[in-house]
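Down below is the structure, laid out as structure tokens.
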Amino acid sequence: MTEKNNILVVGAFDRFNYGDLLFPLIIEAQLHTYGKPFDASFFGIVNSDLRALGGKLTEDIRAFYRRCNEGGNHTSVIVAGGEAVAVTWSSLLLALNKTFKRTHRFHGRINKVFDLNAFAKRMLHGQTDLPFVFTRSDFQSVDHVIFNSLGGSELDPAIFDRYPHLRDKLRQVDYFAVRDRATQRNLTAQGVQTSLYPDSAILMSKFYPTSFLDERVSASVGRYIAEKRGTYLFFQIKDNHAKNNEQRIAQQLDAIVDGHPGVHLCFCPIGKALNHDDHLALQRIAPLLKHPCTVFDEVTIWDIMCLIANAKVYIGTSLHGAITAMSYAVPYVGITVPKLNSYLQTWGVDGINRTLPVNDLLGGFRNAMGVDAASLDQSRIQQILAAEDSFSRIERLVLSK
């Protein structure tokens, strides 16, 4: 009897955050291009069903552990992407448990006398020190562990002291791809060797052309794009970056429209999960504008993707918002966020390859408008080819049977 290729994809797919929901879609789509049979399953920390928003149906972490210990087939685990190395059980419990979240401001003091990560691990039925760091040896029936599109530009070296086995665990990963040079430097400093490739989400335009997206967007988004395609500025910002800056941001956006009267303003949240809360920030900024603004709130990943793909420019804090713009060759302006800055410095087009503070959005817009379309398209093609190369290495491991 021929062994099956079982692929277990694990990540934060159980909450609404655009980038996290993209990972499993892109991984599955690219693996299908090789024409080899496989069964893919998707796991978060808890059971979830975000299919109505474009996400995947997920099983919980206990189901993941069961599958990792079932014999009989060729089984590979793909940690889907993001800041997985530094994710702790306590940070995941914060996003899932309202009572635990209410104690957040006291966690620094509590941790001095009580191990909150160990407590959260028990609450969430974890079996490893960190949720997404493990090797084949942690399970009975896993043949390969792959880290795809990992980020760690702000990785604190102290985590390697708190978790003494972390270095060895990371060194044993069968294929470890990181998405920016800063992450690679941080891990190299710990003796962990990695391969540098673009974030796999860059492949979205390959699988989801605008004609595909037009058929999947909500009615309100479809009407807006049909009327204003290529003339609007897509804006998004995380809540904690907008706090105390709302008036300054509104003035900058108004200044852009003052200088470019044909530009429309489009507000759309990309992340509504804990520590993102884009919708709250946008709701505070919109009333401060003197120019009209269309605000979307209840959106799917297809709505977000299509709005960015058809925008004149993307401005925001979201890494995957910028990567979406890159994938569809749309000019972009990154607002100061370290992981976004690291990515733009690694893969961005000259002139728009660094983030800017909120008081320089007008300057950023002018820079973005000055980038020629050929440079954006060349960058897009370069990143897509590199991402495909990374997946060819993954394919040799996970589709070997």
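Source: prediction; values computed, not measured.
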Heavy atoms of other groups near H32 NE2, more than 12 under 6.0 Å: yes
Polar side chain donor-acceptor pair, S141 to T75, under 3.5 angstrom: no
Worked verdict on S211 versus E215 for side-chain hydrogen bond (donor to acceptor under 3.5 Å, both in side chains): CA-CA 7 Å; S211 56; E215 298 297 318; over 6 Å; no
Over all atoms of both residues, closest heavy-atom pair of Q236 and L282: CA-CD2, 4.3 Å
Ion pair D389/R393, N-O distance below 4.0 Å: no
W89-F119 aromatic ring centre distance below 6.0 Å: no
Aromatic contact, F212 with F207 (centres under 6.0 Å): no
N-O pairing of R15 and D20 below 4.0 Å: yes
Salt bridge (charged side-chain N to carboxylate O under 4.0 Å, His left out) against D372, all qualifying residues, sequence neighbours excluded: none
Any side-chain donor near an acceptor of the partner, H320 and D199, under 3.5 Å: yes
Atom pairs and distances, side-chain donor-acceptor, residues 21-28, under 3.5 Å, sequence neighbours left out:
{"from": "E28", "atom 1": "OE1", "to": "K56", "atom 2": "NZ", "distance (Å)": "2.5"}

Closest contact, heavy atoms only, M326 versus Y343: SD-CE2, 3.8 Å
Heavy-atom pair with the smallest gap, counting every atom of V299 and P269: CG2-O, 3.8 Å
Heavy atoms of other groups near E70 CD, more than 12 under 6.0 Å: yes
Donor-acceptor side-chain pairing of Q184 and T188 below 3.5 angstrom: no
Other residues, nucleotides, ligands: >12 heavy atoms within 6.0 Å of R284 CZ: yes
Residues that A329 engages under side-chain contact (heavy atoms from CB on, under 4.5 Å), provided they are two or more places apart: L376, D377, R380
Reported NE2-to-NE2 distance for the pair H74 and H144, which is rounded to 0.5 angstrom: 5.0 Å
SB check K290 D254 (cutoff 4.0 Å): no
N-O pairing of D174 and R136 below 4.0 Å: yes
Salt bridge flag under 4.0 Å for residues D138 and K169: yes
Residues in side chain to side chain donor-acceptor pair (under 3.5 Å) contact with N148, at least two apart in sequence or another chain: S200
Worked check of side chain to side chain contact (heavy atoms under 4.5 Å, CB included) between L8 and F42: CA-CA 6 Å; L8 314 181; F42 305 94; over 6 Å; no
Pairs meeting criterion ring-ring contact (aromatic ring centres under 6.0 Å, His included) with involvement of residues 174-197, two or more places apart: F147-F176
Over all atoms of both residues, closest heavy-atom pair of I270 and F234: CD1-CE2, 4.0 Å
Steps toward side-chain hydrogen bond (donor to acceptor under 3.5 Å, both in side chains) verdict (D14, S48): CA-CA 5 Å; D14 44 15; S48 70; 5.5 Å; no
side-chain hydrogen bond (donor to acceptor under 3.5 Å, both in side chains) evaluation trace for T294 with Y232: CA-CA 10 Å; T294 300; Y232 59 88; over 6 Å; no
Any side-chain heavy-atom pair of V295 and C293 under 4.5 Å: yes
SB check E83 R179 (cutoff 4.0 Å): yes
Under 3.5 Å side-chain donor-acceptor pair for R229 and N310: yes
Donor-acceptor under 3.5 Å (D277 side chain, L280 main chain): no
From CA spacing to verdict: ring-ring contact (aromatic ring centres under 6.0 Å, His included), Y314, Y332: CA-CA 5 Å; Y314 164 81; Y332 45 87; 8.1 Å; no
Pair S342, R181: side-chain N/O donor-acceptor within cut-off below 3.5 Å: no
Side chain to side chain, F391 and Y34, heavy atoms closer than 4.5 Å: yes
D156 side chain vs I159 backbone, donor-acceptor pair below 3.5 Å: no
For the student: nearest non-hydrogen atoms of T183 and S153, plus distance: OG1-N, 3.1 Å
F365 and V313, any side-chain heavy atoms less than 4.5 Å apart: yes
Salt bridge (charged side-chain N to carboxylate O under 4.0 Å, His left out) involving D49 - partner list, sequence neighbours excluded: R51
Whether F64 and F139 hold their rings parallel, tilted or perpendicular, with breakpoints at 30° and 60°: perpendicular
Side-chain heavy atoms of E388 within contact of K206, under 4.5 Å: yes
Pairwise side-chain contact, S91 with N117, heavy-atom cut-off 4.5 Å (strictly under): no
Rounded distance [0.5 Å steps], NE2 in H165 versus CG in L130: 11.5 Å
Considering all heavy atoms, the nearest L155-N186 contact: N-ND2, 3.8 Å
From CD (Q190) to CG (L187), nearest 0.5 Å: 7.5 Å
Within-4.5 Å side-chain heavy-atom neighbours: F43 and I61: no
Spacing of CZ belonging to R162 relative to OG1 belonging to T88, to within rounding of 0.5 Å: 8.5 Å
Close side-chain approach of M305 and R216, heavy atoms under 4.5 Å: no
Any donor-acceptor N/O pair, N73 side chain to K4 backbone, under 3.5 Å: yes
Nearest-0.5 Å distance that lies between atom CG in L397 and atom CG in N5: 11.0 Å
Residue pair H279 / D297, side-chain donor-acceptor N/O under 3.5 Å: no
Heavy atoms of other groups near K312 NZ, more than 12 under 6.0 Å: no
T33/Q30 under side-chain hydrogen bond (donor to acceptor under 3.5 Å, both in side chains): CA gap, chis, key distance, verdict: CA-CA 5 Å; T33 67; Q30 181 61 31; 3.3 Å; yes
Flag side-chain contact, heavy atom, 4.5 Å: L361 against L356: no
Residues, nucleotides or ligands: over 12 heavy atoms within 6.0 Å of N244 CG: no
Pairwise distance CD(E59) to CG(N47) - rounded to 0.5 angstrom: 7.0 Å
Side-chain donor-acceptor pair present, D180, T346, cut-off under 3.5 Å: no
